[in-house]
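Read through the structure below, which is laid out as structure tokens, and then see the notes.
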Amino acid sequence: MDFNKPEINAFINDYVSKLRQGTATIFLGAGMSKAAGFVDWKGLLRDIAGDLGLRIDEEADLISVAQFHKNKNNNRNKIDEKIVDEFTDSDVETENHRIIARLPFSTIWTTNYDDLIEDAHEKIHKKIDVKSEVDDLFINKGNRSCILYKMHGDKDKPSKAILLKEDYEKYYYTHEPFISILNSELITKSFLFVGFSFTDPNINYIFGRLTHRYSDKSKDHYCIMKKTALSDWDNNTEKFEYEKIKQELFIKELSRYRVQTILIENYADLTLLLKEIEKRYNSHSVFISGSAINYGDFTQQEAQSFIHLLSKEIIKNNLNIVNGFGLGIGSAVINGALDAIYSNPKKFSESQLILKPFPQFPSGGKNLGELWEEYRQNMISRAGISLIVFGNKHDGDDIINAGGVKREFDIAVEKGLIPIPLSYTGFMAKEIFDEISGDWTKYNLTEEIYRDISRLSIDKNNLEVSVNEIILIIKKIAR
């Protein structure tokens, strides 16, 4: 996927900017669940339609199909059973769900019944507050990181799921608080609609909310949609041309609601697009990796002053710091960051400093090694740049290069972070720089950035100059 296309690049930059401002949210449709192995609307209702003597692939009004079933049987029991059966198997979340869970959404909206988003949040220890019925809106979970609005219900409460035509007809009365919250967010936040097709029975309802009387004051919104292709229609040229016209007309209709459509060629492009959003969002976060019992060519005071000033300047450049409070390093990182924050609290925020001290005791049935690996994975996934300093520890009476710092470097490279090892601090930082120098193309670096890193030097009599050299490299990377 070409992220340099003007319309795609502009969308990503705009959406990432809104993520940083806290004014972006996301709405997930049935396509997200289908990619995880769950059925879509047609799959859910296929047997139901068969019982009615209908062929589901020839039906466009799927909501009416569900209603016909209830009308015929005077109950919705079979539909409720289908929801339970189809959405409670062993399928797991996709990489798309995991990326969405890692992004800093304060709210997520969905019409899906499954719990894939909840699972993705739980696995990275982010507490999510699920609202699947009106009563849930009156009870809030403490320390939640995100609210998930499941506006059409949940698989665990199938009888309350919004599925029938009559459910939609009554929704304004039965779920009025959901509508009020959605209308408010449509005005104050930019939505990214993912997993919807122009045949999704939910989509008219959702975009219908955009006709609210304040829609002219709402934010701009985006919809990612797969471009219809000949292969989607069994190479039937006539059918393809017809569906192509329908899609073009639907995209034009979305623009009436201030929704810009981003067309992708295939479903794999969605993952690439979400990864690029995450990458650009994280590019403003610097993971400082290192530990020090010994400071090599530095005195302790020189090393602490250098790290303090470096952390301070990172914050002053409106970047974030992620740190695991490494021995001999963490205190200087914190003090430097807080120095910048408290010197201008109206401009800088404590949210720019993300601390993840390592656990010191086994817990949850996991030993320390397992816990530290999990912590490293989660911590590093929140950054786009890995800044490596010093990196040594005691081994009995000896001082050796820190294997934990090397592991953090390996994880960072695996996750696509840009490594900046400060070789002049010695120890593991020097070892890592030497490894990169063997073939810098293996480490997410451009030739320009590698050359900039190679030219870094330290002037202990003028730390500001040395720190500014590093900041200039970081600003080239941050987008």
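Numbers for residues simply follow the sequence, beginning at 1.
Under the 3.5 Å distance criterion, with hydrogens and angles disregarded, no donor-acceptor pair is assigned to the side chains of Lys246 and Thr228. The closest side-chain donor-acceptor pair between Thr107 and Thr25 falls under 3.5 angstrom. Neither side chain, Ser305 nor His308, offers a donor N or O lying under 3.5 Å from an acceptor on the other. One side chain, Thr271 or Asn96, offers a donor N or O that lies under 3.5 Å from an acceptor on the other. For the residue pair Glu241 and Thr237, no side-chain donor N or O sits within less than 3.5 Å of a side-chain acceptor on the partner. Between the side chains of Arg20 and Asn320, no donor-acceptor pair is found at a separation under 3.5 Å.
In this structure, the side chain of Asn266 engages the main chain of Ala268 through a donor-acceptor pair within 3.5 Å. Put simply, the side chain of Asp234 never gets that close to the backbone of Asn236: no donor and acceptor are under 3.5 Å apart. A distance-only check finds no donor-acceptor pair linking the side chain of Glu248 to the backbone of Ile245 [under 3.5 Å]. A donor-acceptor pair under 3.5 Å links the side-chain atoms of Gln352 to the main chain of Leu319, judged by distance alone. Judged purely by atom type and a 3.5 angstrom limit, Glu265 has no side-chain atom pairing as donor or acceptor with the backbone of Ala229. Side-chain N or O atoms of Asp232 include none that pairs as donor or acceptor with a backbone N or O of Phe240 at under 3.5 Å. Of the possible polar contacts, none joining the Glu276 side chain to the Leu273 backbone as a donor-acceptor pair under 3.5 Å is found. Judged by distance alone, with hydrogens and angles left aside, the side-chain atoms of Asn335 form a donor-acceptor pair with the main-chain N or O of Ser331 at under 3.5 Å.
In this structure, Ser145 has no side-chain hydrogen bond (donor to acceptor under 3.5 Å, both in side chains) partners at least two apart in sequence or on a different chain. For Ile108, the side chain to side chain contact (heavy atoms under 4.5 Å, CB included) criterion is met by Ile26, Leu28, Ile100, Phe105, Ile117, His121, Cys146, Leu148, not counting sequence neighbours. Applying the side chain to side chain contact (heavy atoms under 4.5 Å, CB included) criterion to Asp57, with sequence neighbours excluded, gives Lys42, Arg46. Residues satisfying the salt bridge (Lys or Arg N to Asp or Glu O under 4.0 Å) criterion with Asp115, sequence neighbours excluded, are Lys155. Remark: Lys123 engages Glu93 in a salt bridge (Lys or Arg N to Asp or Glu O under 4.0 Å) (not counting sequence neighbours). Every residue two or more places apart in sequence or in another chain was checked for a side-chain hydrogen bond (donor to acceptor under 3.5 Å, both in side chains) with Ser343, and none qualifies.
Inter-residue side-chain proximity for Phe191 and Leu182 is flagged as met; some heavy-atom pair is nearer than 4.5 Å. At least one side-chain heavy atom of Leu192 sits under 4.5 Å from a side-chain heavy atom of Phe11. Proximity of Leu338 to Ile341: side-chain heavy atoms (C-beta onward) are separated by under 4.5 Å at one or more points. The shortest distance between side-chain heavy atoms of Phe298 and Gln304 does not fall below 4.5 Å. Side-chain contact between Ile334 and Phe325: present, with at least one pair of heavy atoms (C-beta onward) separated by less than 4.5 Å. For the pair Lys252 and Leu249, the minimum side-chain heavy-atom distance is 4.5 Å or more. Proximity of Arg98 to Arg102: side-chain heavy atoms (C-beta onward) are separated by under 4.5 Å at one or more points. Counting only heavy atoms from C-beta outward, the side chains of Ile411 and Glu373 approach each other to under 4.5 Å.
Going from atom OG of Ser255 over to atom CG of Asp220 covers 11.5 Å, rounded to the nearest 0.5 Å. Interatomic distance, Leu274 CG to Leu103 CG, rounded to the nearest 0.5 Å: 7.5 Å. Between atom CD1 of residue Ile449 and atom OG of residue Ser454 there is a gap of 11.0 Å, rounded to the nearest 0.5 Å. Going from atom NZ of Lys150 over to atom OG1 of Thr111 covers 10.5 Å, rounded to the nearest 0.5 Å.
Pairs of residues two or more places apart, or lying in two chains, that qualify as ring pair (Phe, Tyr, Trp, His ring centres under 6.0 Å) and include a residue from residues 266-296 are Tyr295-Phe390. Among residue pairs with one or both ends in residues 21-35, those qualifying as salt bridge (Lys or Arg N to Asp or Glu O under 4.0 Å) are Lys34-Asp40; sequence neighbours excluded. For the salt bridge (Lys or Arg N to Asp or Glu O under 4.0 Å) condition, the pairs that include at least one residue of residues 318-343, sequence neighbours left out, are Lys312-Asp339. Pairs passing the side chain to side chain donor-acceptor pair (under 3.5 Å) check and including a residue from residues 412-429, sequence neighbours excluded, read Gln377-Lys415. The side chain to side chain donor-acceptor pair (under 3.5 Å) contacts involving residues 388-405 comprise Asn401-Glu431, where partners must be two or more places apart or lie in separate chains.
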Side-chain donor-acceptor distances from residues 462-474 under 3.5 Å, at least two apart:
unit_1 : atom_1 : unit_2 : atom_2 : d
Ser466 : OG     : Ser457 : O      : 3.3
Ser466 : OG     : Asp459 : N      : 2.8
Asn468 : ND2    : Glu464 : O      : 3.1
Glu469 : OE1    : Ser457 : N      : 3.4

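The cationic group of Lys316 does not satisfy the cation-pi geometry with Phe348, failing either the under 6.0 Å distance to the six-membered ring centre or the 45° limit from the ring axis.
Residues Phe27 and Phe196 place their aromatic rings such that the two centres sit under 6.0 Å apart. Outside the 6.0 Å centre-distance limit, the rings of Tyr450 and Tyr443 are not counted as a close aromatic pair.
Taking the charged nitrogens against the carboxylate oxygens, Asp129 and Lys131 do have a contact shorter than 4.0 Å, which makes a salt bridge. The residues Arg256 and Glu253 are annotated as salt-bridged, a charged nitrogen and a carboxylate oxygen being separated by less than 4.0 angstrom.
Around atom CG of Asp297, no more than 12 heavy atoms belonging to other residues, nucleotides or ligands sit under 6.0 Å away.
Counting all heavy atoms, side chain and backbone alike, Asn112 lies closest to Gly29 at ND2-O, 2.9 Å. Smallest separation of non-hydrogen atoms from Ile432 and Pro421: CG2-CB, 4.0 Å. Between Ala429 and Ile388, the shortest heavy-atom contact is CB-O, 3.7 Å.
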Intermediate values then yes/no, side chain to side chain donor-acceptor pair (under 3.5 Å), Ser106 and Lys189: CA-CA 11 Å; Ser106 60; Lys189 292 185 176 182; 2.9 Å; yes

